[in-house]
Number of protein chains: 2
Amino acid sequence: MPEYKLAFIGFGNVGRALARLLLEKRQELNRRCGVEWRAVALATGRHGTALDPQGLDLGRALALAKVGASLAELSPEAAPPDTLDLIRSCRADVLFETTPVNYETGQPAVDHLRAALGAGMHAITANKGPVVHAYPELRQLAATRGRRFLFESAVMDGAPIFSLWRTALPGARLLSFRGILNSTTNLILGLMEQGRSFDEAVAHAQAIGIAETDPSGDILGWDAAVKVAALVTVLMGVPLKPHDVRRKGIEDLSPAAVRSALRAGHRWKLVCEARWEGERPRARVAPEQIEPGDPLHSVDGTSSAVTFHTDVLGPLTIREENPGPRTTAYGLLADFLSAVVGEAEDRSRAS
Amino acid sequence: MPEYKLAFIGFGNVGRALARLLLEKRQELNRRCGVEWRAVALATGRHGTALDPQGLDLGRALALAKVGASLAELSPEAAPPDTLDLIRSCRADVLFETTPVNYETGQPAVDHLRAALGAGMHAITANKGPVVHAYPELRQLAATRGRRFLFESAVMDGAPIFSLWRTALPGARLLSFRGILNSTTNLILGLMEQGRSFDEAVAHAQAIGIAETDPSGDILGWDAAVKVAALVTVLMGVPLKPHDVRRKGIEDLSPAAVRSALRAGHRWKLVCEARWEGERPRARVAPEQIEPGDPLHSVDGTSSAVTFHTDVLGPLTIREENPGPRTTAYGLLADFLSAVVGEAEDRSRAS
C-alpha cells in the first residue's frame, strides 16, 4: 500500500481538525482507499515548526497545540523555522495549506502552494485567497509537475462544489449561479429576524466564534465577494478578482426591515451571484428578499447553498448544513484522496 | 479525436431527447471533451430497428419517429428485428438503454445491458429496474470486460447523485439519506394543497404527461421504493429489492388533511429514506409532515431532492427543479462522457 508523506502548513482549528480526521480514519483509508499516510512537517503561526522524515506523532502535536506549547520538541533535530525552507526541505508528497486568508494578495498561502508544487507535491488548500489571486499560475504549475492544485474547502467548507463540476457534470455548461455563501451574515440576518438588534446579532456571532473581532470582512460582503470570484474563476474559466464583484453588504439592513419582510413571508439574505453577459461573467453580492419556494429561503444560521443554472439541467442546488472545522477538514481529505487515488470508480463503496 | 459508435435501445421521449442533445452538442463535445460519435444502431418498441456501421442519420431518425414511421428505411440493409441480435451484431462502443421500467424483474433492460457488456460496450441506462435487479452482476461483468455500467438518470433524472458519490465524496461514509424522489405524488400533494380533490389532482398529473394511465405505481409508492432500493444498493453497497422497502403510498391522504397541515405550516410529502441499523440498511417510503426549515419543505411540483447524512459533513442536500426528458438525457450523456473520457480533471472548463 502506498504511503504518502504529509506536510501541514497552519495548525489552527482546521489543521487540527484535519489531523484528528486523518487519525480517526486511518484504518478506513487503508481498507477502502488503499492509502496510508505519515506526517513529516508541521508549521504553525506561533508555536514553531516540526520536521521528521520518519514521521511526526500527530496525536502528540494535537496535545501540544491544545495547551499552546511549542511543537519543536516533536522534531529529532531543529526544523527550519522559515515555512518556505521547511516546505522545500521536507520531501512531502502532499501539502495542506490552512493559513488565514488574505483577501488582498492571497499571501503567504500563494507562496506556500507555489513552493510545494515546485517541490513536486500535491498542493491542497482550504484558503480562497490563492484561488482568486493565483489560480491560473498554480493550476498550470501543477499540470507541468504532474501534480494537483485542489481547494474544495475554499467555498462552502467541505461540500463538494468544485469536485462536482470537475467530475460529475461533464459536458454541462454553467450559465449562472446564485447562492448564500457567507455564514456570518446569514446568522446575523436570522438573529435580526428573531428580534435582536444588529449589534446584538454581531456580538452573538462573535461570541460563538463565527464572526471575527473585526467583522467587517463579512458584513461588507468581502468574504462573499472572494467566494464569488473563486467560483467564477474556476467554474466559468475567467479569472476574477474580488474587486471585480459588484458588492453591497448587509450594513444598511435594519432589524425593522428584516422583520417586516419576514411578516410578508420573505427573508433578507446576502445573495451571491454571477452570470454570463456576452463574453464576460458579471458577478455581484447584495442583500435580496428571497421568496418562499426558492431553495435559498430556508437556508438558516451558518448553513449555505448554491443553485447552479446550466444548459442541460433544471436549477440544481447544493445545500450544506452545520458546517464546522471538521467539515472543512473533510474537504482537504477529499482533495488528498482525489489527488492520490484518482477520481475513478475503483474505490470501494462498501462500508 | 476518438469516435465512439453508439447504439440506442429505446427511442421514446428520453431516447429522442438524447439524440437531440447529442446533435446539439456535437461541436462542443469535440472541442471541450475531445469526443466524436456516430449512431450505428437503433431499436424501438413499435417502429422497428435500424443498423448502419457507417452511421445512421439521427436527425432523420427523429423526423421519422415524430410522425410514427418505421425506422427501417434508415438501414442500407435489413437490420435484425430482434433487439438482442441487433446489440450483438452492431459493434457499438456504447449502448444507451431507455426501454420502460419493469419494477418486478428489470427486464428486458437487464438482458440488453448484459448483452452490451458481453459484447464489450459501455452499458448506460436511464432505467432503475436493472439497478435493483442486477447491479452486482452487471457491475462485475463491466469490471471483467474493462467497461462501465452507469445509470445516473435512474434516480432524480440527470442530477448528479451516483456520480457525486462515485467521484466527489471520497472517504465519506453514507449513514442515511432522506428525500423526495417521486414527481407524480409530489405534484398531486401540491395540487391537493391548492384545493383539488385527489382524483382531480391525479387527472391533472395525467393530462400533463407526468402520471401514467395506471398511476398506481406512483401513488402506492412503488416507484419511490424502487428508487430507494437503487440508492441503497449502490451507495450503501447492500443489494436491496423494492419489496424489502417498507412502503406506504399517498392513497390514504385526504385533501382536508393536506390543507390542515399546510395551515400549521407543515406539508405532507412522500418521503423516501434509508439508514443503517446495525449491519443492515433499513429503508422505507411513507408520507410525512415536513416542517419549515427542512430542505424538503419547499420541494414543489415535479422537483425532487435528497439529503445525505455522512460521517464527515453536515446534512448535504441535492435538489433538482423542473426535470424533463432533456434532463434525463443529460444524465445519459454525462455517463457516456464519464465512461469514455474518464473522470479526471483534464476536461477543459472554459466555455
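What you see is a predicted model, and the numbers here were worked out from it, not measured in a lab.
The aromatic rings of Phe308(A) and Phe177(A) stand perpendicular to each other, their planes meeting at an angle above 60°, with 30° marking the opposite boundary.
Between Asp300(A) and Arg267(A), at least one side-chain nitrogen of the basic residue sits less than 4.0 Å from a carboxylate oxygen of the acidic one, meeting the salt-bridge criterion. A salt bridge between Glu193(A) and Arg263(A) is absent, with no side-chain N of the basic residue lying under 4.0 Å from a carboxylate O of the acidic one.
Neither the backbone nor the side chain of Pro323(B) has a heavy atom closer than 4.5 Å to any heavy atom of chain A. Contact annotation for Pro315(A): both backbone and side-chain heavy atoms come within less than 4.5 Å of a heavy atom of chain B.
Qualifying side chain to side chain donor-acceptor pair (under 3.5 Å) partners for Thr317(B), counting only residues two or more places apart in sequence or in other chains: Thr307(B).
When each of Asp294(A), Asp157(A), Val35(A), Thr327(A) is scored by its heavy-atom pairs under 4.5 Å with chain B, the top score falls to Thr327(A). Chain B forms more heavy-atom pairs under 4.5 Å with one residue of Leu313(A), Asn322(A), Thr310(A) than with any other, namely Leu313(A). For the set Gly314(A), Ser298(A), Pro160(A), the entry with the most heavy-atom pairs within less than 4.5 Å of chain B is Pro160(A). With chain A as the partner, the residue from Glu28(B), Glu320(B), His297(B) showing the most heavy-atom pairs under 4.5 Å is Glu28(B).
The number of heavy-atom neighbours closer than 6.0 Å to CG of Asp311(B), taken from other residues, nucleotides and ligands shown, is above 12.
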